[in-house]
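What's counted below: heavy atoms across the whole structure, side chains too, no hydrogens, waters or symmetry copies. Positions are given from 1, in the same order as the sequence printed here.
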Amino acid sequence: MTRHDDTSHVHPPKRSQEPFHAVAMSVERASTVIFDDLESFERRVERLYDGFSYGLYGTPTSRRLEDHIAVLEGGSRALVVPSGMAAITLTTMAICRGGDRVLVPETLYGPARDMAERLLRPLGIEAISYDPKLDAGISALIDDRSRLVWVESPGSATFEVQDVPAITAVAHQAGALVAADNTWASHLLFKPLAHGVDISMQALSKHAGGHGDLLMGSVAVRDKALFRRLKDTSRFLGYGVSPEDCALCERGLMTMPVRMRHADGTARKIIRWLSGRAEVAQILHPSEPDHPGHAVWKRDFAGSAGVFSFVLQPEFAPMQSRVLRRMQLFRLGASWGGVHSLISVSDPRKGRISLDWLKPGPVWRLTIGLEALDDLLADLSQAFELFAEARRNGTAAADAKAAE
């Protein structure tokens with residue numbers, strides 16, 4: 001049939017349907033989904049969970065990534081959303097209603113604590129903050145209004161490791177669900193679903209993406225009804241993900257084990273170097289025998305990630321900006337899991353009531369990338385020389401006193 005040019009621009013000729021197979025994920029973009037007949041169109045709502053009804057609710061590209069994550073997590077289903085923060089919000093709003101309570105560890109991601117106060121509280125959902133070292137003692141905080149308990153093990157600044165099986169046992173006994181922010185360990189080092197957790201969440205922007213160029217989060221579950229509950233809340237919130245980002249994440253998953261092993265091996269050697277520095281008051285890493293939760297980490301985890309913190313001696317606080325500006329490979333940034341090494345400076349004591357074990361002084365978190373160990377050590381050494389010079393000249397203490 002002969003067509004006008006305007007029509008031919010919209011409808012390209014059909015090609016052979018011969019199968020095409022490639023090792024890379026294909027990217028299929030869509031908002032509109034078409035149907036073969038009226039019956040299929042009228043029943044499109046039935047495709048929300050497993051099929052395709054509209055691009056916002058899933059494409060072959062996002063479904064493939066979700067299936068992959070479900071397998072890696074040891075779950076039956078997974079859902080990808082625009083960010084790790086979106087995954088936390090989605091999970092909490094799917095489980096809790098007005099009048100309910102959600103328990104969150106003091107170590108929970110900072111923006112998520114803000115969300116609990118500024119979004120959940122006005123909706124009548126009460127967020128109760130708890131000491132992450134309570135473990136089974138959290139039962140004293142769970143009442144008949146408690147619907148959800150969040151765990152984050154280890155916490156992303158001070159790295160307390162929680163006894164997740166113990167917390168899960170007491171939460172389930174009280175009728176509450178448990179969700180885990182497992183971004184630090186990822187499914188490679190710890191599988192929350194295998195330890196009784198109901199919802200395993202990750203910020204895929206970190207280890208899975210691996211290159212600092214995408215934003216995405218995931219939730220994985222074993223229970224089909226719980227998945228549908230999460231999926232419904234996701235579509236009510238209008239969450240959708242870019243198929244291009246899904247393909248980037250899938251590619252990142254393929255190299256993730258190698259990247260994480262490299263970063264961890266480098267981090268362990270840098271920790272040994274830092275342990276010998278007089279400027280460092282304390283190392284915060286779950287593999288350290290004196291760190292809270294070390295025994296639980298050794299029991300439950302398959303290894304560690306290349307992300308850890310250390311505490312500077314208080315006298316060096318006034319010098320932080322000068323030293324950080326001297327860094328050449330380590331850059332200031334608040335993420336982790338990528339190929340570039342980063343430093344993040346924070347004061348985890350704000351809003352905390354249970355940090356008596358943390359020594360005084362500024363807290364620096366290091367994220368180890370894929371640079372060579374010798375180059376990273378050289379960068380740290382030349383920057384830390386400013387600290388050493390100040391100590392030798394007696395100016396560090398004077399600067400600290402002037403800053404008071």
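The two residues A302 and L188 have their closest heavy-atom pair at CB-O, 3.9 Å. The minimum heavy-atom distance linking E28 with P60 is given by the pair OE2-CB, 3.3 Å. Shortest non-hydrogen contact noted between S26 and R64 is N-NH1, 4.2 Å. Between F301 and A185 the shortest heavy-atom distance is CE2-CB, 3.6 Å. Taking all atoms of both residues into account, the shortest heavy-atom contact from S146 to L103 is OG-CD1, 3.8 Å. Closest approach of P348 and V363 over heavy atoms only: CD-CG2, 3.7 Å.
Side-chain atoms of P132 and R352, non-hydrogen and from C-beta on, do get closer than 4.5 Å to each other. Looking at heavy atoms from C-beta onward, I271 lies out of side-chain contact with F310 at the 4.5 angstrom threshold. Counting heavy atoms from C-beta outward, F190 and V197 have side chains that stay 4.5 Å or more apart. The shortest distance between side-chain heavy atoms of L253 and H187 falls below 4.5 Å. Residues R77 and L230 have side chains not in contact (no heavy-atom distance under 4.5 Å, counting atoms from C-beta outward). A 4.5 Å side-chain heavy-atom check between E160 and W357 finds at least one atom pair inside the cut-off. Residues I368 and F330 are in side-chain contact: their nearest non-hydrogen atoms beyond the backbone lie under 4.5 Å apart. Counting heavy atoms from C-beta outward, P192 and E73 have side chains that approach closer than 4.5 Å.
Of the inter-residue distances, the one linking R229 atom CZ with T91 atom OG1 reads 11.0 Å to the nearest 0.5 angstrom. The CD1 atom of I88 sits 7.5 Å away from atom CD of E152, with the distance rounded to the nearest 0.5 Å. Here the CG atom belonging to L274 is positioned 9.0 Å from the CG atom belonging to L312, to the nearest 0.5 angstrom. How far CD1 of I270 is from NE2 of H285: 11.0 Å, rounded to the nearest 0.5 Å. In this structure, OG in S234 is found 14.5 Å from CZ in R228, a value given to the nearest 0.5 Å. Atom CG of L204 sits about 4.5 Å away from atom CD1 of I69, to the nearest 0.5 Å.
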Problem set entry | Candidate pair T158 and T107, rule side-chain contact (heavy atoms from CB on, under 4.5 Å), full reasoning | CA-CA 8 Å; T158 44; T107 51; 3.9 Å; yes
Exercise. Could you walk me through whether C246 and M216 pass the side-chain contact (heavy atoms from CB on, under 4.5 Å) check?
Worked result: CA-CA 8 Å; C246 288; M216 195 177 298; 4.0 Å; yes
For this session: Just do the side-chain contact (heavy atoms from CB on, under 4.5 Å) check on L177 and L226 with the steps written out, would you?
Result: CA-CA 10 Å; L177 297 180; L226 182 55; 4.3 Å; yes
For this session: Take R63 and F52 through the test side-chain contact (heavy atoms from CB on, under 4.5 Å) and record every step on the way to the result.
Result: CA-CA 9 Å; R63 289 279 199 268; F52 307 104; 3.5 Å; yes
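Looking at S62, its side chain does come within 3.5 Å of a backbone N or O of T59 through a donor-acceptor pair. D100 contributes no side-chain N or O that, together with a main-chain N or O of R147, makes up a donor-acceptor pair within less than 3.5 Å. In this structure, the side chain of R235 does not engage the main chain of Y57 through any donor-acceptor pair within 3.5 Å. Between the side chain of R259 and the backbone N or O of G252, at least one donor-acceptor pair lies under 3.5 Å. Side chain of S309 to main chain of L284: no donor-acceptor pair is present (N/O by atom type, distance under 3.5 Å, no hydrogens or angles). No donor-acceptor pair under 3.5 Å is formed between the side chain of D135 and the backbone N or O of G137. Within the 3.5 Å criterion, the main-chain N or O of K191 finds a donor-acceptor partner in the side chain of H195. Side chain of H294 to backbone of P286: a donor-acceptor contact under 3.5 angstrom is found. Remark: the backbone N or O of Q328 is paired with a side-chain donor or acceptor of D379 at under 3.5 angstrom. Checked by atom type and distance alone, the side chain of R113 pairs as donor or acceptor with a backbone atom of L108 at under 3.5 Å.
Heavy atoms of other residues, nucleotides or ligands lying less than 6.0 angstrom from CZ of R326 number more than 12. Other residues, nucleotides and ligands place more than 12 heavy atoms under 6.0 Å from the CD atom of E39. Heavy atoms of other residues, nucleotides or ligands lying less than 6.0 angstrom from CZ of R251 number 12 at most. No more than 12 heavy atoms of other residues, nucleotides or ligands sit less than 6.0 Å from atom CG of D36. A 6.0 Å sphere centred on CZ of R97 holds more than 12 heavy atoms belonging to other residues, nucleotides or ligands.
Checked for salt-bridge contact, D264 and R268 meet the test: a charged N lies under 4.0 Å from a carboxylate O. Under a 4.0 Å N-O distance rule, the pair K133/E106 does not qualify as a salt bridge. Contact check on K231 versus D50 returns no salt bridge, with no Lys/Arg side-chain nitrogen under 4.0 Å from an Asp/Glu carboxylate oxygen. Salt-bridge annotation for E389 and R322: absent, with no side-chain N of the basic residue lying under 4.0 Å from a carboxylate O of the acidic one.
Residues W297 and F159 keep their aromatic ring centres 6.0 Å or farther apart.
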Hey, can you pull the donor-acceptor pairs under 3.5 Å for the side chains in residues 118-130, sequence neighbours left out?
{"residue": "R121", "atom": "NE", "partner": "E117", "partner atom": "OE1", "Å": "3.1"}
{"residue": "R121", "atom": "NE", "partner": "E117", "partner atom": "OE2", "Å": "3.3"}
{"residue": "E126", "atom": "OE1", "partner": "R145", "partner atom": "NH2", "Å": "3.2"}
{"residue": "Y130", "atom": "OH", "partner": "W150", "partner atom": "O", "Å": "2.6"}
{"residue": "Y130", "atom": "OH", "partner": "Q162", "partner atom": "NE2", "Å": "3.1"}

Considering only distance and modelled atom types, tabulate donor-acceptor pairs under 3.5 Å from the side chains of residues 369-378, sequence neighbours left out.
{"residue": "E371", "atom": "OE1", "partner": "S341", "partner atom": "OG", "Å": "2.7"}
{"residue": "E371", "atom": "OE2", "partner": "S341", "partner atom": "N", "Å": "3.0"}

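Shown here are the ring pair (Phe, Tyr, Trp, His ring centres under 6.0 Å) partners of Y109, two or more places apart in sequence or in another chain: there are none. Taking R299 as the reference, D163 meet the salt bridge (charged side-chain N to carboxylate O under 4.0 Å, His left out) condition, with sequence neighbours excluded. Here H340 pairs with nothing under the ring pair (Phe, Tyr, Trp, His ring centres under 6.0 Å) rule; sequence neighbours left out.
Residues in residues 196-214 take part in no salt bridge (charged side-chain N to carboxylate O under 4.0 Å, His left out) pair, two or more places apart or across chains.
Between H207 and W336, the ring planes lie tilted relative to each other; the angle falls in the 30° to 60° range. Taking the six-membered ring where the residue is Trp, F384 and F387 present perpendicular rings, their angle passing 60° and hence far from 30°.
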